[in-house]
Amino acid sequence: QVQLVESGGGSVQAGGSLRLSCAASRSTTVCMGWFRQSPGQEREGVATIGRDGITSYADSVRGRFIISRDNAKNTVYLQMASLKSEDTAMYYCAADSSARAYLSAGCVRSADKFAYWGQGTQVTVSS
């Protein structure tokens, strides 16, 4: 089992920045990622990163968000800039320790490939 604890959500005006953090209880994660979900919407894969550092981004956030991880601290980050109202959602950290989500080109952004989930942190962007 892997426990994930997120922090860093909050409210910000459009154009602003936020940084999300997610600490994992174990170091066996192969892929880690951030997903988001708005009411009535499906969970969307925002960004993923493998233990090898290879990243994958949704088109909607590419160029604005940066995912990174510190393997020594078992922590993944999501630096969000130029935030838009459509970025408003609950953001979830996810991890996969079985390599189901892993591809050499980058971890997939499919929620069903990730076994472990955080409790979520709300991001609200006001225009």
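- Minimum heavy-atom separation, S38 to T88: OG-O, 3.1 Å.
- Closest approach of V2 to T29, counting heavy atoms only: CG1-CG2, 4.2 Å.
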Exercise for review: Give the C-alpha distance, both sets of side-chain angles, the deciding distance and a yes or no for side-chain contact (heavy atoms from CB on, under 4.5 Å) between S60 and E44.
Suggested key: CA-CA 10 Å; S60 58; E44 174 192 15; 3.3 Å; yes

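- Y92 and F65 fall into different hydrophobic clusters, where Ile, Leu, Val, Met, Phe, Trp and Tyr side chains are chained together by heavy-atom contacts under 4.5 Å.
- Of all heavy-atom pairs between Q122 and A89, the closest is NE2-O, 3.4 Å.
- R36 is not listed as a side-chain neighbour of L78, based on a closest heavy-atom distance of 4.5 Å or more.
- Between M80 and D87, every side-chain heavy-atom pair lies at or beyond the 4.5 Å cut-off.
- Between K113 and D96 there is no side-chain heavy-atom pair separated by less than 4.5 Å.
- Between Q3 atom CD and N74 atom CG the span is 12.0 Å, to the nearest 0.5 Å.
- In this structure, the side chain of R51 does not engage the main chain of T28 through any donor-acceptor pair within 3.5 Å.
- Under the 4.5 Å side-chain heavy-atom criterion for grouping Ile, Leu, Val, Met, Phe, Trp and Tyr, V46 is connected to Y116 within one hydrophobic cluster.
- Atom OG of S68 and atom CZ of R19 lie 6.0 Å apart (nearest 0.5 Å).
- Expressed to the nearest 0.5 Å, how far CD of Q13 lies from OG of S85 amounts to 12.0 Å.
- Using a cut-off of 4.0 Å between Lys/Arg side-chain N and Asp/Glu carboxylate O, D59 and R62 are scored as salt-bridged.
- The shortest side-chain heavy-atom distance between E6 and L20 does not fall under the 4.5 Å cut-off.
- Rounding to the nearest 0.5 angstrom, the gap separating the CD atom in Q79 from the OG atom in S21 is 9.0 Å.
- Between T48 and C31 the shortest side-chain heavy-atom distance does not fall below 4.5 Å.
- Here the side chains of R43 and W117 are in contact, with some heavy-atom distance below 4.5 Å.
- Considering every non-hydrogen atom in both C107 and Y102, the closest pair reads SG-CD1, 4.1 Å.
- Linking Ile, Leu, Val, Met, Phe, Trp and Tyr whenever their side-chain heavy atoms come within less than 4.5 Å leaves V30 and V108 in two separate clusters.
- Under the 3.5 Å distance criterion, with hydrogens and angles disregarded, a donor-acceptor pair is assigned to the side chains of S56 and R109.
- In this structure, L83 and L18 approach most closely via the heavy-atom pair CD1-N, 3.9 Å.
- Hydrophobic clustering (side-chain heavy atoms under 4.5 Å, transitive across Ile, Leu, Val, Met, Phe, Trp, Tyr) groups V123 together with I66.
- Residues D70 and Y77 form a side-chain contact, since some pair of their non-hydrogen atoms from C-beta on lies under 4.5 Å apart.
- The two residues I67 and A47 have their closest heavy-atom pair at CD1-O, 3.6 Å.
- Aromatic ring pairs are classed by plane angle as parallel below 30°, tilted from 30° to 60° and perpendicular above 60°; the pair F35 and F114 is perpendicular.
- Summarising the geometry, atom CD1 belonging to I54 is positioned 7.0 Å from atom OG belonging to S104; distances are rounded to the nearest 0.5 Å.
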